[in-house]
Amino acid sequence: MRYGMLIDLTKCVGCNACTVACRNHNGTPSGISLHKIMKYEVGKFPHSKMKFLPMPCMQCENAPCEKACPIGATVKKSNGIVEVLADKCMGCRGCVAACPYDSRQFVWEIKNYYEQAPVTLFEKRKQKEFQKGTVVKCTFCQKRLEHGLEPACVSTCPSQCRIFGDLDDPGSELSKAIAAGNARPFREDLETNPSVYYING
Amino acid sequence: MFKKRKSTYDHVLSEMDFNEDVFGISTYQWQEYSNSDTDEKQTLHGICRMCMQGDCATAVHLENGVVVKVEGREVPPNYGSLCPRGNSATMNLYNPYRVKTPLIRTNPEKGLNVDPMWKEVSWEEALDYTAKKLKEVRDEDPRGLAVCEGWGNRETIMRIPFRLAFGSPNEIGAHGSLCTVHYGTGLIHGNFPISVVDLEHCDYHITLGRSIGPNIATVPGTRKLTKALKRGMKLVVVDPRSSYEAAKGEWVPIRPGTDLAFLLGLAHSILFDVKIYDVWFLKNRTNGPYLIDDQGDYLRDEQTGKPMMWDLTDGIAKVFDAQFGNIALEGTYTVNGTEVKTGFEHIKEGFRDYTPEWAETISTVPAQDIRRIAKEFIEHARIGSTIEIEGFSFPFRPVSVNTERNVMNHRGGTYSDLVAKIINMLAGAIEVPGGCLGCGYRGPEALAPGPDGTMMPGYEAKDRPFVFPPDIGMHSFYPNSHTTPHLAAHALADPEKYYLTYEVKAWLNIGGNIIKYNANPEQYVNMMKKIPFSVSIAYHMDEPTIMSDVVLPEHSFMERSRVAPFWPQHQAASYEVHALQMLQRRQPVTPIYNTMHVDDIFTELAERIGILYGENGMYDYLNRDVDYIIKENGLNLREPYLLDINKKHTLSDIHELQVKSWKFGDGETMEDLERDGNIVKWQPKKTAYNYYYHPDNQTRHEFYIINLKRTADQLRKNLEKHQIKFPGVEDDSIVFDLYRPVPYWVPSSEFGVSEEYDLWAINWKTPYYSSDIGGVVGNPWLAEIYRKDPWEAVICLNSTTAQRKGVKDGDRVTVESRYGKLEGLVRISELFHPDAVGISGAYGMGTVQSNPLSKEGPLFNRLLTTKEDTLDSVSGGIEIAPCVKIVKKGGLA
């Protein structure tokens, strides 16, 4: 079993529903995003277009972050998910620097979203799950997976551009769609062997 | 400048420029909210309200009474998805900048940056005080109350019954003057609000100035478009900006404000280059073959008064419903010694000079592209083909061209929409599978023919009666307009000029922001200052609320109990929701502040004013209320479930009666709705296409737009009868010129202006801001994203334009129209037409007590004007692409 994700860029419209659903589900403190969309443009007028690259953690098989951690606080689980053990993490941030996808963030402080106002009731509950001075990252919403649910970014997507599943199972919808769409990981040249694949668009 | 005391507002106050005359700071301290002490997990059925459609089904998860997650439910219409705004709903509920308790002003001076010195009061005091003030106004003249509504709360069922029971004709939509998009759909489809593409079947879709879904990130539109594109539909996006939707299709860049020229060129090319059109449709389902007399009216049979067509077989003119051998669509014929042409011939002749080359000189779209698109459009229309749906044979026309706000909000904008309709009619793609569909009422009334054989104009295409003296919105002079807050502002500033014979003494704001979401904000601030008493039913301290005398804080949408019918969707149609009749339930979250449900506020006020009970009371009007958009298919009360108009009802009681009254119900009650969150009643798919109700030659659409001419003729008569001039214009030909039955090129007010204004500003709605709902601009989850978005809250310029102006990415510039100006940072982008200055969304403004986020960024609307000679006189629409110049701060640009 190796969890993986396919993102069909021909379908993605760059709306960031995924990014906000991630925040909604994980309750990340202000300034911390476990998911992002890189927006950019290509071409010169009048042949110019918007482009979008949604980026959860790539859950690399050959994860640079794991190697960068001096104390083994980053672990790769048998299901392929790369996880930070918050209680172990000493906050050296070597992994943040090592990740070529900018998928990790260091919690310098736990900030409120309404900056100058008291903490909201939602944040009061959710912020307990974060420890100042540690590194955080996307885990494909592993608590949701435990309940048989897909990651929040997958289930909310209005263009249904994501497929989640088992990369090790050649018969899974995910594996078949990757093959059919000739999907590739982002920056394959880095040889990190990510679990996230993209159909170019 | 005087010294201010420290207060909870200090962080806000410190950012504001105060003038010397400001009072001290407020005594109003927001109350801290308390957590619920229930110790359990709970999931409620929700209905999202973070956009104007507001129909996505949600599951609201709570732990110990705190909302910990809002997600889409796997049911129609969103099937599990939510957009970025919907995903941020939790922050709408827990927004600390909400109004948390009833407030009464103590500072008589009003202004956006003037502290009202609120006194916190009990609900009893606030309601008693408001009712007393409103009753005084009503006793003197009920017309003295103006109700200003808006997207912020479109869920109230009591607003209209309250106003009618009060006796005032004055209801003003705060927002609509920048979205005057309804005439063509009312006329050609008998629908409201707009028309959309059938993405289930369409193969070639041209879209202008609007969103099919992704541009404003609506879930249903995005889902449907993605599937259509995967199916192979070609998408052509004509826009000065290479938008989210342009990223998924062909982008055709166009000079701002020139869509009408492009569309005329496209229609010309179909008529004169391609020379293929749906002759059967035009002969049998439009007034194209009707003969037109020398006055521009239908040539009528002297005996029956019926319009006539020429029969080529018999060589004579006959009444339209006679037996015809072969109806003449084109040509000139002699009837009773007079030469007459068909309506089609008038349109064709009218479009003869609008060659693609002509259109290119105005729109910059290359003539060869216009010709290619015309050819592709007709090729994809499959003229003559049919499709069978559930045993019913429809014409199959998988093409549609659709226009909206950025096309129609110019002088001549209604013509743009009508030319798009004419193009769809040339393809026969109206109300049939694959084509252009009204996005509202599905049923027999929409296309029902009148005595002339043509369908009766619906909604805003149906003239409002001429009332004199007029209401404050001046609807008598703009009988087909959308909402007219700008005309109300003009009239209140100069009542005599606008024939207003009474004073507006009270203003009730509910969900609308007349100040920020229009042109020329100061105009509305001054207007509100003049009104003796204003009350705001408010979610947060927005611009109209800070100007109010009383603030009645309402529940946020998640706290608001709701039962709603399903309205067809604004961006696109497909079988995901085609023919879906549904009721949805929102189970409310326990309110966290001292707020009330909007409909309870109306009920309490009505009772205190003495207009709740009895005949012509609020309950009586609620009993009589019929859904404006979907008519009998809506959630209307009916026998035997009408309210007893002489006793008080809870909102729950009313919901129960509504559910039992529902036309599609089968004995279901609130209990069913509470359990499942919805009651779904799929209808046959064929009923989603209004052709079904009036097939073959059983109705006709206006190809020759005689309705415009009729309206103008009637309006002229009424002006003459009352011996009055058209208010607000020097020469009324500027108004009547837009009521000709054959559309023609009308340059907007922003062309032919001094050379220094060498660019045009454009604006668009965004995934983070689709309209003024849910406090989206102040939502920090969305703000975190829009602040990083390359094209949000900045001033976008094409690189060649920037080079010409000597500005660099990140430079601070002033953008100045002839009406107003704004400042911002330049973003150089290839996504913009070189003649465009792109400014997204509606950022900026804010008040002395508002969320700091709502003050950031440039407010596009500052560049706009409401002067009558710049409006589209038919729709009342404000010009949305003003010509501008840009000036680099500290130097020339």
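Values below: every heavy atom of this structure, side chains too, minus hydrogens, waters and symmetry copies.
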Chain A heavy atoms under 4.5 Å from [X]: which part of the residue, side chain, backbone, both or neither?
{"X": "B:Thr226", "result": "side chain"}
{"X": "B:Thr90", "result": "side chain"}
{"X": "B:Ser829", "result": "both"}
{"X": "B:Val67", "result": "backbone"}
{"X": "B:Asn78", "result": "neither"}
{"X": "B:Val70", "result": "both"}
{"X": "B:Glu245", "result": "neither"}
{"X": "B:Lys230", "result": "side chain"}
{"X": "B:Asn215", "result": "neither"}
{"X": "B:Leu229", "result": "neither"}

Can you tell me how far [atom2] of [Y] sits from [atom1] of [X], rounded to the nearest 0.5 angstrom?
{"X": "A:Ser159", "Y": "B:Lys227", "atom1": "OG", "atom2": "NZ", "result": "11.0 Å"}
{"X": "B:Tyr244", "Y": "A:Cys12", "atom1": "OH", "atom2": "SG", "result": "10.0 Å"}
{"X": "A:Ser33", "Y": "B:Ile785", "atom1": "OG", "atom2": "CD1", "result": "7.0 Å"}

Could you tell me which portion of [X] (side chain, backbone, both or neither) has an atom closer than 4.5 angstrom to a non-hydrogen atom of chain B?
{"X": "A:Tyr40", "value": "backbone"}
{"X": "A:Thr10", "value": "both"}
{"X": "A:Ser155", "value": "backbone"}
{"X": "A:Asn112", "value": "neither"}
{"X": "A:Leu9", "value": "backbone"}
{"X": "A:Lys126", "value": "side chain"}

Test your reading of the model: is there a side-chain donor-acceptor pair from [X] to the backbone of [Y], 3.5 Å cut-off?
{"X": "B:Ser242", "Y": "A:Ser48", "answer": "yes"}
{"X": "A:Lys49", "Y": "B:Gly249", "answer": "yes"}
{"X": "A:Gln160", "Y": "B:Arg223", "answer": "no"}
{"X": "A:Tyr114", "Y": "B:Met91", "answer": "yes"}
{"X": "B:Ser81", "Y": "A:Cys157", "answer": "yes"}
{"X": "A:Lys39", "Y": "B:Lys788", "answer": "no"}

Between B:Ala217, B:Pro834, B:Pro767, the one whose heavy-atom pairs under 4.5 Å with chain A are most numerous: B:Pro834
Of all heavy-atom pairs linking B:Tyr97 and A:Ala117, the shortest is OH-CB, 4.3 Å
Which pair of heavy atoms, one from B:Cys83 and one from A:Ala17, lies closest together, and at what distance? C-CB, 3.7 Å
Evaluate B:Trp791 against A:Glu41 for side-chain contact (heavy atoms from CB on, under 4.5 Å), listing each step before the verdict. CA-CA 10 Å; B:Trp791 311 290; A:Glu41 52 184 79; 3.0 Å; yes
Hey, is [atom1] on [X] packed in by over 12 heavy atoms from elsewhere, all under 6.0 Å?
{"X": "A:Met90", "atom1": "CE", "value": "yes"}
{"X": "A:Glu173", "atom1": "CD", "value": "no"}
{"X": "A:Glu191", "atom1": "CD", "value": "no"}
{"X": "A:Glu188", "atom1": "CD", "value": "yes"}
{"X": "A:Lys132", "atom1": "NZ", "value": "no"}

Given the options A:Glu115, A:Lys36, A:Lys44, which has more heavy-atom pairs under 4.5 Å with chain B than any of the others? A:Lys44
Does the plane of the ring in B:His833 sit parallel, tilted or perpendicular to the ring in A:Phe45? Use 30° and 60° as the thresholds. perpendicular
Closer than 4.0 angstrom, basic N to acidic O: yes or no for B:Glu71 and A:Arg144? yes
Minimum side-chain heavy-atom gap B:Glu784-A:Tyr113 below 4.5 Å: yes
Is there a side-chain contact between A:Gln116 and B:Pro852, using heavy atoms and a 4.5 Å cut-off? yes
Might you work through the side-chain contact (heavy atoms from CB on, under 4.5 Å) test for B:Tyr768 and A:Asn16, ending with a clear yes or no? CA-CA 9 Å; B:Tyr768 325 112; A:Asn16 267 307; 3.4 Å; yes
Can you give the donor-acceptor pairs under 3.5 Å from side chains of residues 95-103 of chain A to other protein atoms, not counting sequence neighbours?
| from | atom 1 | to | atom 2 | distance (Å) |
| --- | --- | --- | --- | --- |
| A:Tyr101 | OH | A:Phe186 | O | 3.1 |
| A:Tyr101 | OH | A:Thr192 | OG1 | 2.9 |

Contacts of residues 19-30 of chain A with chain B (heavy atom under 4.5 Å): A:Thr19, A:Val20, A:Ala21, A:Arg23, A:Asn24, A:His25, A:Ser30
